[in-house]
There are 2 protein chains.
Amino acid sequence: MENKTARAPRRSRIQQKNRETILAAALDVFSAQGFRGATLDQIALQAGLSKPNLLYYFGSKEEIHRDLLTGLMTAWLEPLRAMREDGDPLAEMLGYMRRKLDLSRDFPRESRLFANEILQGAPRISEVIQGELRDLVQEKARLLSRWMDLGRIRRSDPVHLIISVWALTQHYADFESQTRAVLGEGHDPWTEAAAFLETLYRRLLSPLPG
Amino acid sequence: MENKTARAPRRSRIQQKNRETILAAALDVFSAQGFRGATLDQIALQAGLSKPNLLYYFGSKEEIHRDLLTGLMTAWLEPLRAMREDGDPLAEMLGYMRRKLDLSRDFPRESRLFANEILQGAPRISEVIQGELRDLVQEKARLLSRWMDLGRIRRSDPVHLIISVWALTQHYADFESQTRAVLGEGHDPWTEAAAFLETLYRRLLSPLPG
DNA sequence: GCACAGCCTGACCACATGGTCAAGATTTTT
DNA sequence: AAAAATCTTGACCATGTGGTCAGGCTGTGC
């Protein structure tokens with residue numbers, strides 16, 4: 001038995017570099033055009049490699065897309081995963097929202113790639129969603145529920161609370177063209193969004209005085 | 001000068017019927033596959049017409065798509081447009097949210113068609129967004145601002161308030177596959193969403209007592 | 001510097017896709 | 001009922017696209 005895992009075969013330096021180059025280019029193209037809209041020629045051009053060379057590193061267009069998505073999932077769940085039981089409940093929720101918003105701001109291409117996939121019914125990542133994602137959400141919903149029982153934050157449906165964070169933060173990345181058009185010049189969507197969402201979640205969750 | 005407008009030429013009964021059939025089929029296919037992912041063959045099959053016949057009624061794939069989107073815009077803006085100055089501010093906002101949520105629930109294909117378009121940067125409807133949509137939002141934001149000045153609802157950024165309604169209601173339609181997976185069996189996303197969102201906007205907007 | 005594995009590409013293929021067209025079928029008008 | 005207008009389609013085309021392959025190039029270990 002060789003010293004390598006099935007998922008991460010040993011790679012030469014050239015392989016390492018070119019695979020990264022290809023994935024970076026593919027992220028650009030897939031996030032802008034969707035899976036069907038993207039072409040291997042565009043990705044090859046963006047990567048500065050020939051099309052057959054792309055297919056030397058990845059078996060198919062599908063495989064590039066799959067690798068991008070699975071690589072993305074871990075990072076995407078991190079903000080929620082980082083919500084700690086031993087912190088202040090309101091601060092933990094606001095911190096989660098803030099981390100998710102920052103993620104959307106700093107990685108809009110990843111956000112769009114993900115949105116495109118879910119829009120088509122998530123055919124390529126349904127297992128992850130029904131497994132890892134679902135479990136994590138259920139776990140954190142139970143945590144929120146406990147906090148609500150203790151009166152540390154006001155009661156509302158904990159799963160929909162988590163969903164609302166996704167909806168609001170994703171929206172600023174995925175619908176950025178619309179948001180910018182509606183806000184007009186002289187507005188920074190992200191700064192304003194951060195302030196608005198902090199207000200929103202404070203009012204929704206702050207325990208009533210007394 | 002003939003008795004017909006440039007935008008709505010007189011049409012025979014056959015034309016009327018077939019154009020509707022085609023648009024309905026196209027909505028199915030475009031919303032499920034995106035513009036690039038959809039093919040004229042799929043639309044023709046769904047419509048029960050031959051491909052050349054499609055192109056007898058619509059000059060191109062692009063034209064079908066454009067007609068769908070522009071036809072959709074009016075209906076999509078209606079819930080916001082219906083927010084009246086002379087009503088109770090909180091009830092008006094909750095009513096707006098509720099109408100938008102119902103629209104997402106009852107017309108998920110339209111919602112997805114729209115989402116797909118914005119995700120790609122809204123190349124085909126940027127004028128509408130920068131014109132009609134922007135104007136309407138600005139107008140209603142001023143109304144909300146006035147209500148806030150009067151202390152009838154609590155202060156928050158009015159444009160982002162409107163954006164939050166879009167984000168939250170669209171999410172339940174566009175990301176339905178994800179939402180259902182996370183909630184699991186035995187949940188009705190729409191009923192729960194309506195309750196959660198009512199709580200959310202009540203707490204965000206209710207004036208402080210005293 | 002030589003051999004060999006790993007890397008790269010031009011030329012090519014099969015198929016899908018948006019769109020055309022001439023000719024035939026059907027409906028409407030007179 | 002005939003003429004005119006409208007509707008419908010099979011056959012076809014040009015282009016784009018994912019993917020293949022034989023053979024050449026290049027970096028690495030000896």
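Just the heavy atoms: all of them, side chains too, but no hydrogens, waters or symmetry mates, feed the values below. Chain identifiers are assigned alphabetically (A, B, ...) following the order of the sequence lines, protein sequences preceding nucleic acid strands; residue numbering begins at 1 within each chain.
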Sequence-aligned protein contact record of nucleotides 9-26 of chain C, with B where the base is within under 4.0 Å of a protein heavy atom and S where only the sugar-phosphate is: BB------SBBBB-----
OP1 or OP2 of D:dT28 under 4.0 Å from side-chain N/O of A:Arg13: yes
Phosphate OP1/OP2 of C:dG6 contacted by A:Gln15 side-chain N/O (<4.0 Å): no
A:Tyr57 OH to D:dG19 C1', straight-line distance once rounded to whole Å: 18 Å
Gap between atoms CD and P, on A:Gln33 and D:dG18 respectively (whole Å): 12 Å
Gap between atoms CZ and P, on A:Phe30 and D:dT17 respectively (whole Å): 13 Å
Contacts of type ring-ring contact (aromatic ring centres under 6.0 Å, His included), residue B:Tyr172, not counting sequence neighbours: A:His160
Enclosure of B:Arg98 CZ (heavy-atom neighbours >12, cutoff 6.0 Å): no
Shortest non-hydrogen contact from A:Lys140 toward A:Leu80: CE-O, 3.3 Å
Between A:Ser50 and A:Asn53: side-chain donor-acceptor atoms closer than 3.5 Å: no
Protein-nucleotide distance (A:Ile64, atom CD1; D:dG19, atom P), rounded to Å: 9 Å
Criterion salt bridge (Lys or Arg N to Asp or Glu O under 4.0 Å) on A:Arg66 and A:Glu117, from CA distance to verdict: CA-CA 11 Å; A:Arg66 182 163 37 72; A:Glu117 180 65 12; over 6 Å; no
Carboxylate-amine/guanidinium contact A:Glu85 A:Arg146, below 4.0 Å: yes
